[in-house]
Asker: 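Structure in structure tokens, see below.
Order of the sequence lines fixes the chain letters, A, B, ..., with proteins taken first and strands second; residue numbering starts at 1 for each chain. Atom set for the values below is all heavy atoms of this structure, side chains included, hydrogens, waters and symmetry mates excluded.
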Amino acid sequence: MPETLSIATWNINSVRLRIDLVGRFLTEQAPDILCLQETKCPNDVFPTAAFDKLGYRHKTYIGIKGYNGVAILSKLPLTPLAAQAMCGREDARHIAARIGEGSRAITLHNFYVPAGGDIADPDENPKFAHKLAFVEELKRFSESLRTEDARSVIVGDFNIAPLEHDVWSHKQLLDVVSHTPVETRSLTEVLAAGDWHDVVRAQWPEPRKVYSWWSYRSPDWDKADKGRRLDHVWVGRGLAGGEAEISIHREARGWERPSDHVPVMARIQID
DNA sequence: ATGGTGGTTAGACCA
């Protein structure tokens, strides 16, 4: 077990369509662990051989046909943990594993929070209501981890940009799903409830702009740079003593047929 | 200014 662990999170928007992009990222950056969201891939057709070939022989994944789906791929041995059926649904939005053994082992949770649709009103839009209920449940889950397992890491596509400089225009996005006050407040409460350490913002504090997602609908995404920080890496208080080293792989948004999200990677201390 | 693009999958549904 090494003294640091590098963990990457990436909403891949179809792992089968973009397996070559995943391979490029893993070859170039070689994180110890890769967490994926939106694999859109049932378990019986998950591309296990490609990951084996890349050196990621240890894995746990859960997928359903057509949408959602999460996975953890690792160079190090892992023990799969029970997935949470969030909001009482078996919809493949959470997966977890123990990495390592003994007192230095850590627990890793990978979440894909619902996007929430277009209308920021839970009475009018059931998808937004689902998102808010999901985040409330995440708050209770965080509370339980804070007391039971402080050596936890939680990553994923949270589909919320919580801070003013997590979006290209705070004012223009205040009523846009992903940055509404009800969402940003709720996600901030999840952070507090788990006593989580936002290691990305620890490295790049506000008011620096930090993004991990650029819409497909925006032409010339790089020049316009109308991004949002939707993908997060939070470290539990039992692991937050050390420095984390962050990289956000913006270059992946410019690759051929890219995901609209880019990998966010953190090297964390685990002793 | 209320479009725009992309994946999965076969007409919408999701993001």
Asker: Tell me: CZ of A:F134 to P of B:dA15, nearest whole Å?
Answerer: 12 Å

Asker: In whole Å, what is the span from the CG atom of A:N68 to the P atom of B:dA15?
Answerer: 7 Å

Asker: Roughly how many Å is it from NZ in A:K131 to P in B:dC14, rounded to a whole number?
Answerer: 15 Å

Asker: In whole angstrom, give me the gap between the P atoms of B:dT2 and B:dC13.
Answerer: 24 Å

Asker: Can you tell me how far C1' of B:dA12 sits from NZ of A:K127, to the nearest Å?
Answerer: 11 Å

Asker: Do A:T180 side-chain atoms and A:V177 backbone N/O form a donor-acceptor pair below 3.5 Å?
Answerer: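 Absent.
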
Asker: Looking only at atom types and distance, does a side-chain atom of A:N125 sit under 3.5 Å from a main-chain N or O of A:G116, one as donor and one as acceptor?
Answerer: yes

Asker: Please report, rounded to the nearest Å, how far the P atom of B:dT8 is from the CD1 atom of A:I12.
Answerer: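 These atoms are roughly 11 Å apart.
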
Asker: Please give, in whole Å, the distance from B:dC13 C1' to A:D118 CG?
Answerer: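 Between C1' of B:dC13 and CG of A:D118: 12 Å.
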
Asker: Under a 3.5 Å distance rule, please check whether A:R93 uses its side chain to pair with a backbone N or O of A:Y112 as donor and acceptor.
Answerer: yes

Asker: Judged by atom type as modelled, is there a donor-acceptor pair below 3.5 Å linking the side chain of A:E38 to the main-chain atoms of A:N68?
Answerer: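 Checked: no pair found.
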
Asker: Do any N or O atoms from the side chain of A:S74 and from the backbone of A:H58 form a donor-acceptor pair under 3.5 angstrom?
Answerer: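 Not confirmed, A:S74 side chain does not pair with A:H58 backbone.
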
Asker: Using atom types as modelled and distance alone, determine if a side-chain donor or acceptor of A:H165 lies under 3.5 Å from a backbone N or O of A:R208.
Answerer: no

Asker: Strictly below 4.0 Å: does A:R18 bring a side-chain N or O up to OP1 or OP2 of B:dG7?
Answerer: yes

Asker: At under 4.0 Å, does any side-chain N or O of A:R257 touch on OP1 or OP2 of B:dG7?
Answerer: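 Checking A:R257 against B:dG7: at least one side-chain N or O falls below 4.0 Å of OP1 or OP2.
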
Asker: If each of A:N159 and A:G66 is mapped to the nucleotide of DNA chain B with the nearest heavy atom, which maps nearer the 5' terminus, i.e. the 5' end?
Answerer: A:G66

Asker: Round to a whole Å and report the spacing from CG of A:N13 to C1' of B:dG6.
Answerer: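 Value for this atom pair: 7 Å.
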
Asker: In dot-bracket form, 5' to 3', how is DNA chain B paired? Count Watson-Crick and G-U wobble pairs only if both distances fall under 3.5 Å, and write | where the partner sits on another strand.
Answerer: ....((((...))))

Asker: Say you pick atom C1' in B:dA12 and the same atom in B:dA1; how far apart are they, in whole Å?
Answerer: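 Per the computed distance, 27 Å lies between those C1' atoms.
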
Asker: Taking any heavy-atom pair under 4.0 Å as a contact, classify A:R93: base, sugar-phosphate, or nothing.
Answerer: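 Result for A:R93 = sugar-phosphate.
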
Asker: Need to verify one output field. Residue with the more 5' nearest nucleotide on DNA chain B, A:P258 or A:E38?
Answerer: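 This one resolves to A:P258.
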
Asker: With rounding to whole Å, what would you report as the distance between B:dG7 and B:dG3 at their P atoms?
Answerer: 22 Å

Asker: Taking salt bridge (Lys or Arg N to Asp or Glu O under 4.0 Å) as the test, write out the residues that go with A:D20, two or more places apart.
Answerer: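 Testing A:D20 for salt bridge (Lys or Arg N to Asp or Glu O under 4.0 Å), a comparison that skips the adjacent residues, returns none.
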
Asker: Over how many whole Å does the gap from A:D157 atom CG to B:dG7 atom P extend?
Answerer: 17 Å

